Visitor: 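Dropping the structure in here first, questions after.
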Protein chains: 2
Amino acid sequence: MTQRVALWQNIKDLLHGEIVQGVWRAGARLPTEADLALRFDVNRHTVRRALQALAEEGLVQPRRGAGVFVRAAPLRYPIGPRTRFRQNLLSAGRTPSRKLLHLSQQSASSAEAKALGLVPGAPVHVMEAISFADDLPISLARSCFCATRFPELGVALRDTNSVTGALANVGVADYLRKSTRLTGQNADPVQARHLQLSTGDALILSEAINVDVTGRPVEFGRTYFVGERVELVLESEDNAAFVT
Amino acid sequence: MTQRVALWQNIKDLLHGEIVQGVWRAGARLPTEADLALRFDVNRHTVRRALQALAEEGLVQPRRGAGVFVRAAPLRYPIGPRTRFRQNLLSAGRTPSRKLLHLSQQSASSAEAKALGLVPGAPVHVMEAISFADDLPISLARSCFCATRFPELGVALRDTNSVTGALANVGVADYLRKSTRLTGQNADPVQARHLQLSTGDALILSEAINVDVTGRPVEFGRTYFVGERVELVLESEDNAAFVT
DNA sequence: TACTATTTGTGCGTATGTATT
DNA sequence: TAATACATACGCACAAATAGT
């Protein structure tokens with residue numbers, strides 16, 4: 001029944017090798033425990049023991065009901081005066097993409113109005129989107145723009161699927177990060193689903209204000225970064241503040 | 001069958017508390033898995049899951065066939081010119097004791113003869129003993145002394161059960177550590193049994209030469225310290241050398 | 001030395017709970 | 001809602017190391 005080396009140890013080593021060798025890529029889902037049990041012709045418990053060891057090594061991460069996923073090395077994400085999502089990912093050698101969730105015109109909340117220098121209730125474009133690096137969700141963002149100043153921005157955001165591109169289309173050739181506030185959050189079930197996480201997983205909420213070259217606010221963004229998939233790197237000493 | 005918090009989690013927390021509160025002292029053996037299963041009225045697997053978590057926290061250590069033991073905080077063991085086993089333990093607030101394994105007169109090996117400045121084959125007293133701190137094995141030592149110079153030392157070692165005391169009885173009122181060499185070793189089954197360890201556990205082999213006040217070697221000692229129970233602290237910069 | 005009882009380690013089978021899709 | 005997939009728990013059996021006789 002038992003060998004000199006435990007069965008689960010062999011399976012662990014084998015899967016470890018396959019992950020390191022790239023058979024299962026970062027972020028990929030492993031076959032189900034049942035499938036692995038079939039493949040190795042062992043009981044599901046034995047596979048679970050192997051997966052548990054891999055999880056303790058930090059190589060893999062199980063999500064109840066979803067599967068077991070290969071952990072990706074965190075993405076270095078510089079935050080500075082010229083923070084650009086696409087540029088950040090390209091220079092990290094990752095492929096950026098965005099999935100638009102919502103795009104609508106609403107009346108600004110008090111926080112949004114204050115950030116953008118508007119009166120409460122003023123019309124704003126609101127965009128919600130998920131950002132991906134190599135098809136792995138990195139962040140969940142909600143961006144606000146003044147709809148009075150940029151009436152055509154909604155269309156531009158939908159067409160370009162890029163904040164930088166859309167702002168360029170409406171006459172804002174450049175913008176700068178004015179302030180960033182970072183806080184820690186736990187993913188609620190909806191966020192977890194969108195970001196392919198488990199409920200309660202750590203998120204970093206970034207509340208940022210971007211201004212044009214004249215210093216006038218153009219965007220107020222609230223972005224939830226996946227804590228384990230990004231490493232936010234602060235590059236400038238402006239108004240960034242850390243809050244737990 | 002399943003609660004909001006897993007059964008094994010509760011058991012883990014409970015045992016954790018009992019260990020921290022001193023219900024199970026450092027070095028003590030916990031009840032067997034079967035007993036714990038009875039106590040908590042759960043399956044043995046459930047107890048094992050809790051113990052596994054405690055072991056991963058480093059709070060407990062299982063030994064196949066022997067039991068599950070509470071890990072003790074490592075003992076700070078200074079090594080310097082005046083290294084004294086009893087003194088070291090007393091100043092650490094631990095109770096020292098020794099168990100004599102062997103005491104005999106033999107002919108010196110070449111290494112022993114060289115260390116003591118004798119000719120190979122010269123008669124030497126050889127003592128093997130286990131040292132304890134609060135009844136927990138700390139080290140396994142083999143000491144050599146010149147039997148020609150100290151014919152009565154064998155009796156003195158048996159009577160005093162102390163190197164310092166025995167040497168005083170034969171006219172060596174004081175002695176100094178001349179050299180110490182430290183290497184890493186793995187416990188063989190015999191050592192593991194004596195030291196209440198598992199085979200393969202890490203040991204630190206200390207090979208030391210003690211000299212009298214005239215600089216003449218009086219003792220050559222080879223001591224196997226239990227890696228996880230002691231923290232050797234070097235206090236002088238004489239001939240100490242570290243080898244892996 | 002050899003044997004036995006004890007104790008932890010591994011593995012299978014089964015059932016059910018819970019979260020996700 | 002239903003199906004899927006991981007999480008927990010029980011019971012049984014045997015292997016392997018240990019400790020004592």
Side-chain angles (χ1 to χ4, degrees), chain A residues 1-13 28-56 60-70 137 186-201, chain B residues 1-13 28-56 60-70 137 186-201:
Chain A
M1 208 68 80
T2 307
Q3 295 75 15
R4 300 172 52 125
V5 176
L7 260 183
W8 67 264
Q9 284 273 10
N10 288 332
I11 294 172
K12 182 201 109 181
D13 292 341
R29 206 194 77 174
L30 293 184
T32 68
E33 294 174 348
D35 287 345
L36 290 173
L38 277 177
R39 169 182 168 192
F40 296 118
D41 193 27
V42 297
N43 190 275
R44 194 181 135 229
H45 284 312
T46 307
V47 168
R48 278 182 62 75
R49 186 65 188 84
L51 290 175
Q52 186 193 9
L54 288 176
E56 280 156 13
V60 116
Q61 190 181 28
R63 285 174 52 214
R64 178 187 295 207
V68 178
F69 298 81
V70 179
N186 290 100
D188 64 39
V190 176
Q191 293 170 328
R193 183 171 148 270
H194 279 136
L195 294 171
Q196 296 175 18
L197 292 174
S198 296
T199 302
D201 279 358
Chain B
M1 208 66 82
T2 306
Q3 294 76 13
R4 300 171 52 126
V5 176
L7 261 182
W8 67 262
Q9 285 273 13
N10 289 333
I11 294 173
K12 183 201 108 180
D13 292 341
R29 206 194 76 172
L30 292 184
T32 68
E33 295 174 347
D35 287 345
L36 290 173
L38 277 177
R39 170 182 167 192
F40 296 117
D41 193 26
V42 297
N43 190 274
R44 192 180 138 228
H45 283 311
T46 307
V47 168
R48 279 181 61 75
R49 186 67 189 84
L51 291 174
Q52 186 193 9
L54 289 175
E56 279 157 15
V60 115
Q61 188 181 29
R63 284 174 52 214
R64 177 189 294 208
V68 179
F69 298 82
V70 179
N186 289 99
D188 63 41
V190 175
Q191 293 171 328
R193 182 170 149 272
H194 279 136
L195 295 171
Q196 296 175 20
L197 291 174
S198 295
T199 302
D201 279 359

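Numbered from 1 within each chain, the chains take letters A, B, ... in sequence-line order. Worth knowing before you read on, the calculation uses all heavy atoms, side chains too, and leaves out hydrogens, waters and symmetry mates. Owing to the predicted nature of the structure, the values given are computational and were not obtained by experimental measurement.
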Visitor: Mark yes or no for whether A:Gln9, through its side chain, and A:Ala6, through its backbone, hold a donor-acceptor pair below 3.5 Å.
Guide: no
Visitor: Within this structure, what is the CD-to-P distance between A:Gln61 and D:dC6, rounded to whole angstrom?
Guide: 13 Å
Visitor: So what does A:Arg44 touch, heavy atoms closer than 4.0 Å: a base, only the sugar-phosphate, or nothing?
Guide: base
Visitor: From CZ of B:Phe69 over to P of D:dT18, roughly how many Å is that when rounded to an integer?
Guide: 11 Å
Visitor: If the test is side chain to side chain contact (heavy atoms under 4.5 Å, CB included), which one of A:Val70, A:Val68, A:Asp201 qualifies with A:Gln61?
Guide: A:Asp201
Visitor: Report the nucleotide, chosen from C:dT14, D:dA17, C:dT21, that has the shortest atom-to-atom distance to any side-chain atom of A:Arg63.
Guide: C:dT21
Visitor: Below 4.0 angstrom from OP1 or OP2 of C:dT20, is there any side-chain N or O of A:Arg193?
Guide: no
Visitor: Output the rounded distance in Å from CD (B:Glu33) to P (D:dA17).
Guide: 16 Å
Visitor: From CG of A:Asp35 over to C1' of D:dT4, roughly how many Å is that when rounded to an integer?
Guide: 11 Å
Visitor: List the steps and the verdict of side chain to side chain contact (heavy atoms under 4.5 Å, CB included) for A:Val42 and A:Val47.
Guide: CA-CA 7 Å; A:Val42 297; A:Val47 168; 3.7 Å; yes
Visitor: Is A:Arg48 close enough to D:dA5 that one of its side-chain N or O atoms is under 4.0 Å from OP1 or OP2 there?
Guide: no
Visitor: Could you give the CG-to-C1' distance, from A:Leu195 to C:dT21, as a whole number of Å?
Guide: 16 Å
Visitor: Name the residue closer to the 5' end of DNA chain C, choosing between A:Pro189 and A:Arg49 according to the nucleotide with the nearest heavy atom.
Guide: A:Arg49
Visitor: Which one, C:dC12, C:dT7, D:dA7, comes nearest to the side chain of A:Pro62?
Guide: D:dA7
Visitor: Rounded to whole Å, please give me the gap between CG in B:Leu36 and P in D:dA9.
Guide: 15 Å
Visitor: Rounding to an integer number of Å, can you tell me how far B:Gln196 CD sits from D:dA19 C1'?
Guide: 11 Å
Visitor: Between C:dT8, D:dC6, C:dG11, spot the one nearest the side chain of A:Arg64, thanks.
Guide: D:dC6
Visitor: Tell me whether the OP1 or OP2 atom of C:dT20 has a side-chain N or O from A:Thr199 closer than 4.0 Å.
Guide: yes
Visitor: To the nearest 0.5 Å, how far apart are CZ in A:Arg48 and CG in A:Asn43?
Guide: 11.0 Å
Visitor: Whether the side chain of B:His45 and the base of C:dT10 hold a donor-acceptor pair under 3.5 Å is what I'd like checked.
Guide: no
Visitor: Distance check: side-chain N/O of A:Arg29 vs OP1/OP2 of D:dA5, anything under 4.0 Å?
Guide: yes
Visitor: Taking CG from A:Leu51 and C1' from D:dA7, how many angstroms apart are they, rounded to a whole number?
Guide: 13 Å
Visitor: Please determine, for the side chain of B:Asn43, which listed nucleotide (D:dC10, D:dA19, C:dC12) has the closest atom?
Guide: D:dC10
Visitor: Give a yes-or-no answer on whether the side chains of B:Thr32 and B:Asp35 include a donor-acceptor pair shorter than 3.5 Å.
Guide: yes
Visitor: Quick one: is D:dT18 close enough that its OP1 or OP2 comes under 4.0 Å of any side-chain N or O from B:Ser198?
Guide: no
